[in-house]
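When a ligand or atom number is given, it counts from 1 through the structure's own listing order.
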Amino acid sequence: AAAARRWAERIAPARADLAARVADLVHGSADLAAYGAGDRALSACAEADARLARLERRQARGNALATGAGVLTQGLTVLAVVLVARGAGTGPVATAVLALTALVAFEPVLPMAAAGERLTGVLAALRRLREIRATPPAVAEPARPRPVPAGPPVVEVSGLVVRHGDGRAPALDGVSLTLTPGRRVALVGPSGAGKSTLLSALMRLVEPESGVVRLNGTDIRELASDDVRAVMTGLTQDPYVFRASLRDNLLLAGPEAGPDELAEAVRRARLDRWVERTGWDTVLGEDARTVSGGQLQRLALARALLHDPPVLLLDEPAEALDTETAEALMADLLDATRGRTTLLVTHRLHGLEQVDEIVVLENGRVTQRGTHDELVGVPGYYGDLWRSEEMVSRR
Ligand code: ADP
């Protein structure tokens, strides 16, 4: 056991190093290829592999020696017993019994070496499990969750403060806003302002430090977090395309949906032409290479429309798209969400004259709120961004 512990201390970091390098190689392959760094990363990976193999070979040699020594001791003992018995004039039957007894006496002892070797690994696994169990969950579930309040959803966020980790500046610092049935609210602000954090708080993925989110008057902390997400959910920042047919990729969001509902969701996300060309049964790649950025966002929008949550949350749907694709997507999105209770996070202002309220978030605080017409003329983030967008599109 002591030897195994010493080896584990040397082998575990080497194995972790190799695993991290392989993960980097796989996930970063596109960037490595783009910067011609593939060969360097590969040879660093091969070196880490050789280092681990060297250590494991030496450990295996040690283990083989220990096992061999055990078997050798067993054999020599049997031989010694036979010789001593013969020397003492014991009869052949009794000698055989003595020899077999000596042989069998080793059986329960020999595997102890392997057990000692395994002990280190088992104890390490136990320690890791204990650490996981000791980690508090991101959000606390209520012991007795209350039923989801009935009726059209009214979401009131008041004085919400969220901090990602002790000692860090709050990501949300006293944010209040209200979502009423059928109204669309847009959340805009610079990167890092706390927009995604607000969506995470609404979906019960982060625990607020203070303040409260109420759904029809009930604090959402008193509801099961799955129930909260059944009411408020939507388009995440990085939609994922599964290695499955186009149909199954959509059905994920509404397993019960019939062909008509599927077609309707696809039409409203303006994906119908693409679907016609691609075919419902075409398998989409797991790394989404068969789907362009714009199609991916539209696919995610079709999923969200199919799921049809009472409160639709949309996070930066037009991010990372070129201006033309982004404006077309935003126009379709604003069309498709008309009359739905929606919170739309966006960094593009084009089309926001259609939403009922715009909330500007900067450094975790609401700095402006109002309609497009109210905000565009007054000094501040919104007007400045609007004018710079205008300048770009005129150019
Ligand atoms: P936005 O969506 O407006 O770009 P975010 O809500 O993502 O802003 O981030 C707000 C702040 O919180 C940023 O300073 C960001 O670095 C920090 N933050 C966001 N998510 C996490 C996280 N999971 N862990 C630590 N810090 C985070």
**Q** Atoms of ligand 1 less than 4.0 Å from A193 heavy atoms?
**A** 1 (P), 3 (O), 8 (O)
**Q** Which of these, G192, A201, P190, G364, has its nearest heavy atom closest to atom 1 (P) of ligand 1?
**A** G192
**Q** What are the atoms of ligand 1, with element, lying closer than 4.0 Å to any heavy atom of A171?
**A** 10 (C), 11 (C), 12 (O)
**Q** What atoms of ligand 1 come closer than 4.0 angstrom to any heavy atom of S191?
**A** 4 (O)
**Q** Between E222 and R144, is there a salt bridge with N-O shorter than 4.0 Å?
**A** no
**Q** Is it true that the side chains of S225 and E141 contain a donor and an acceptor less than 3.5 Å apart?
**A** yes
**Q** Between ligand 1 and G189, can you find any atom pair, the residue atom being a heavy atom, that is separated by under 4.0 Å?
**A** no
**Q** Under 6.0 Å from the CZ atom of R247, do we count more than 12 heavy atoms belonging to anything else shown?
**A** yes
**Q** My understanding is that we take every heavy atom of each candidate and find the minimum distance to atom 23 (N) of ligand 1. Doing that for R168, H164, K195, which one comes out nearest?
**A** H164
**Q** May I ask you to say whether E264 pairs ionically with R267, meaning some side-chain N is under 4.0 Å from a carboxylate O?
**A** yes
**Q** Going by the atom numbers of ligand 1, which of them fall below 4.0 Å from some non-hydrogen atom of T197?
**A** 5 (P), 6 (O), 9 (O), 10 (C)
**Q** Whether R229 and D226 form a salt bridge (side-chain N of Lys/Arg under 4.0 Å from carboxylate O of Asp/Glu) is what I want to check.
**A** yes
**Q** Using modelled atom types only, decide if a donor and an acceptor are shared between the side chain of R365 and the backbone of A193 within a distance under 3.5 Å.
**A** no
